[in-house]
Novice: 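Provided herewith is a single structure, encoded as structure tokens, for subsequent inquiry.
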4 protein chains.
Amino acid sequence: MSGINKVILVGHLGKDPEIRHMEGGVSKASFPLATSEFYTKDGQRVEQTEWHNIVVWRGLADIAEKYLHKGKLVYVEGKLRTRSWDDKEGNKRYMTEVVADNFTMLGRRSDHENQGGNESYGGGNTNRGGSGNSRDAAGGSEGLNVRADDNPEDDLPF
Amino acid sequence: MSGINKVILVGHLGKDPEIRHMEGGVSKASFPLATSEFYTKDGQRVEQTEWHNIVVWRGLADIAEKYLHKGKLVYVEGKLRTRSWDDKEGNKRYMTEVVADNFTMLGRRSDHENQGGNESYGGGNTNRGGSGNSRDAAGGSEGLNVRADDNPEDDLPF
Amino acid sequence: MSGINKVILVGHLGKDPEIRHMEGGVSKASFPLATSEFYTKDGQRVEQTEWHNIVVWRGLADIAEKYLHKGKLVYVEGKLRTRSWDDKEGNKRYMTEVVADNFTMLGRRSDHENQGGNESYGGGNTNRGGSGNSRDAAGGSEGLNVRADDNPEDDLPF
Amino acid sequence: MSGINKVILVGHLGKDPEIRHMEGGVSKASFPLATSEFYTKDGQRVEQTEWHNIVVWRGLADIAEKYLHKGKLVYVEGKLRTRSWDDKEGNKRYMTEVVADNFTMLGRRSDHENQGGNESYGGGNTNRGGSGNSRDAAGGSEGLNVRADDNPEDDLPF
DNA sequence: TTTT
DNA sequence: TTTT
């Protein structure tokens, strides 16, 4: 039976996304994301940071490369994927990633606006969400929300 | 700034989905979904049921009509949408719905298999999720998982 | 069978929380929260804002009153609850709320620090989350994360 | 700033939970959970299963040991936690787990009822959720929903 | 190692 | 109006 495998994170990028162009022209971006919590132990405030490996494919990868930068606050939604391989000592190694299918920039507009210049984000998106005037995913000059399933043609909101 | 508006439900359908074909050929399905919790009060087990109005658009609506039936257990993911209007007494009225963009049937296969007959679900889905062999959303004879953004052509997994 | 009824929102408060002290000494805070999305229609960027009624009970209500203010960006996790009543015209009226059991302030520290002065948040929280040094929920001078289930005594992190 | 680190899974246990009693009397249960998706490739239905390491602490661990068994369908909510260590070859090794703070049994009652006998689950839970008659988490003879934050005394719903 |  |  089908199951559910969903991850929701809000955190800051530890580095700029690193992009790779795979065979077949598929793009893959990856970056570390930190989620911190604070608790109090013996009267001291303690921060505990968890690091996540985020992976983004295809059109989303290109958007990630362009708009997500080190230090930015971002909401990420995706699924867990654990890869395994045998290392040269013959040990089974595991690496768990969050394959993002949706992300949204949070924080001040000035934190994530298009440094390069123009602001004409938002392209020829077609309406898919409802009765003629709603939409599921959108990109704008403040708040950038993009999804893995979006069709490259009408998706790249820029 | 963009925000996040996400609802995750697991519950049973109170009725079969009701489908309407809107102007423009858009389909809309709607059904009530019950989520129950149990707690103990004064030594008695008490059930508290919450009812949700679920709305599904377009291709997903057709899938909902075909596969979701009264009593079935389903995972629903969507967003809150509150509509308002003035009633004939001039009062502002509100109605909150969950606009689903993804659902998955849970429970036994016998609970949700295609009563009508053939099992040849799973169509010409193209790969969109990754490096050539993963996929985000899938439909199959057990476990039906569908999404609002899917392209009707490669989406209807049947 | 038990179900799941979960709401996840990230948005801005439309007003300061309004607090009420119920019979029995229970506190209840409520406030409107806006989640916006942007989409492009006919070449124009359009914002669509959804308003949610957030309700917070008990110790969390007091924290909400103290730290959440109009305009602040907040992550809210909770459940849907629809109340109904008959209005004076005899119509059935419905009102859907999000009963929060967890919230976290997002955004700049300067956006939500204790204006009054001291920073001695984080009180006698006991460790509940793990092997002796982790915690599920925490409050701090940046990033305030609180939960409904927390015991008032060790919960009010201030 | 505080972040969000949330995982939501629905899947089947691959094994019975394994329980360990740590120093200090803290219990820890762990088990593998499978989440499957189906997609169609070259006309063939393909199943892709992801395995997750679930960890449960304290009172929840004892409940998990008692009620969660191999093959059962369960909803799990928790957070990601990656542990690292150096192996004997001096390589950095990583292991990512989902630390559950909430789970709910799904599926038929017959799938998860108390095989041993009595049904007197539901204990002296106190009301914590609201205005005097609601509750956030509950356990019952059908539908078992438990949370990490619950006080052991009123939590063990059995 | 689950489930269908 | 569901489910157990």
Side-chain angles (χ1 to χ4, degrees), chain A residues 1-5 82 84 92 94, chain B residues 9-18 30-39 45-54 68-76 104-114 119 121-122 138-145, chain C residues 1-5 82 84 92 94, chain D residues 9-18 30-39 45-54 68-76 104-114 119 121-122 138-145:
Chain A
M1 204 197 53
S2 263
I4 302 300
N5 174 357
T82 298
S84 70
K92 197 77 172 176
Y94 297 94
Chain B
L9 304 172
V10 176
H12 292 91
L13 279 84
K15 294 185 187 172
D16 281 354
E18 194 170 288
S30 53
F31 56 88
L33 188 81
T35 58
S36 302
E37 21 175 314
F38 294 83
Y39 62 96
R45 196 161 64 75
V46 181
E47 174 174 6
Q48 182 168 335
T49 296
E50 191 65 29
W51 286 96
H52 311 274
N53 303 304
I54 312 296
L68 300 184
H69 298 297
K70 178 175 173 172
K72 295 313 174 204
L73 182 65
V74 64
Y75 168 95
V76 170
T104 296
M105 307 237 18
L106 300 173
R108 303 293 173 88
R109 176 179 179 164
S110 58
D111 288 349
H112 56 270
E113 66 192 336
N114 186 352
E119 266 194 81
Y121 309 156
S141 53
E142 329 93 330
L144 171 60
N145 181 315
Chain C
M1 205 196 54
S2 262
I4 302 301
N5 174 358
T82 298
S84 70
K92 197 77 172 178
Y94 297 93
Chain D
L9 305 171
V10 176
H12 292 92
L13 280 84
K15 293 185 186 172
D16 282 354
E18 194 171 290
S30 53
F31 56 87
L33 189 80
T35 58
S36 303
E37 19 174 318
F38 295 84
Y39 63 95
R45 196 162 64 74
V46 181
E47 174 174 6
Q48 183 169 335
T49 296
E50 190 65 28
W51 286 97
H52 311 274
N53 303 305
I54 312 295
L68 299 185
H69 298 296
K70 178 176 174 171
K72 296 311 176 205
L73 181 65
V74 65
Y75 168 95
V76 170
T104 296
M105 308 234 21
L106 299 173
R108 303 293 172 86
R109 177 180 180 164
S110 57
D111 287 348
H112 55 271
E113 66 193 335
N114 187 353
E119 265 194 82
Y121 309 155
S141 52
E142 329 92 330
L144 172 60
N145 181 316

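These numbers come from a predicted model, not from an experiment.
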Novice: W51(B) stacking on dT2(F): centroids under 5.5 Å, ring planes under 30°?
Specialist: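 No; centroid distance or tilt outside limits.
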Novice: Of all the heavy-atom pairs spanning Y39(B) and Q48(B), show the shortest one and how long it is.
Specialist: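 Looking at all heavy atoms of both residues, the closest pair is CE2-OE1, 3.5 Å.
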Novice: Looking only at heavy atoms, which two atoms of H69(B) and L13(B) are closest? And how far apart?
Specialist: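 Taking H69(B) first and L13(B) second, the nearest heavy atoms are O-CB, 3.6 Å.
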Novice: For H52(B) and dT3(F), what is the distance between atoms NE2 and C1' respectively, to the nearest whole Å?
Specialist: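 Distance, rounded to whole Å: 13 Å.
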Novice: Atom NE2 of H12(B) and atom P of dT1(F): how far apart are they, to the nearest Å?
Specialist: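 So the NE2-P distance, H12(B) to dT1(F), works out to 17 Å.
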Novice: Considering every strand and a 4.0 Å limit on heavy-atom distances, what is the contact class for T49(B): base, sugar-phosphate, or nothing?
Specialist: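 Base contact.
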Novice: Using the side-chain heavy atoms of S36(B), tell me which of these nucleotides is nearest: dT1(F), dT3(F), dT2(E).
Specialist: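 Looking only at heavy atoms from C-beta outward on S36(B), the closest nucleotide is dT3(F).
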Novice: For M105(B) and dT3(F), give me the distance from atom CE to atom C1', rounded to whole Å.
Specialist: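 Distance, rounded to whole Å: 13 Å.
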Novice: Let's go through V74(D) and I54(D) carefully: what are the C-alpha distance in whole Å and the side-chain angles of both, what is the deciding distance for side chain to side chain contact (heavy atoms under 4.5 Å, CB included) to 0.1 Å, and is it a yes or a no?
Specialist: CA-CA 11 Å; V74(D) 65; I54(D) 312 295; over 6 Å; no
Novice: To the nearest angstrom, how far is K15(B) atom NZ from dT2(F) atom P?
Specialist: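 The answer, rounded to whole Å, is 10 Å.
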Novice: Can you tell me the distance, in whole Å, between the CG atom of L33(D) and the P atom of dT3(E)?
Specialist: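 Computing the L33(D):CG to dT3(E):P distance gives 12 Å.
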Novice: If we ignore hydrogens and angles and just use 3.5 Å, is the side chain of D16(B) paired with the main-chain N or O of K70(B) as donor and acceptor?
Specialist: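 Checked: pair present.
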Novice: Determine the contact category for G71(B): base if any of its heavy atoms lies under 4.0 Å from a base atom, sugar-phosphate if only primed atoms, P, OP1 or OP2 are that close, otherwise nothing.
Specialist: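 Touches sugar-phosphate only.
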Novice: If I take atom CG in residue L68(B) and atom C1' in nucleotide dT3(F), what distance separates them, rounded to the nearest angstrom?
Specialist: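 Interatomic distance, CG of L68(B) to C1' of dT3(F): 16 Å.
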Novice: Report the distance from atom CG of D16(D) to atom C1' of dT1(E), rounded to the nearest whole Å.
Specialist: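 The distance from CG of D16(D) to C1' of dT1(E) comes to 11 Å, rounded to the nearest Å.
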Novice: To the nearest Å, how far apart are K70(B) NZ and dT3(F) P?
Specialist: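 Answer to the nearest Å: 7 Å.
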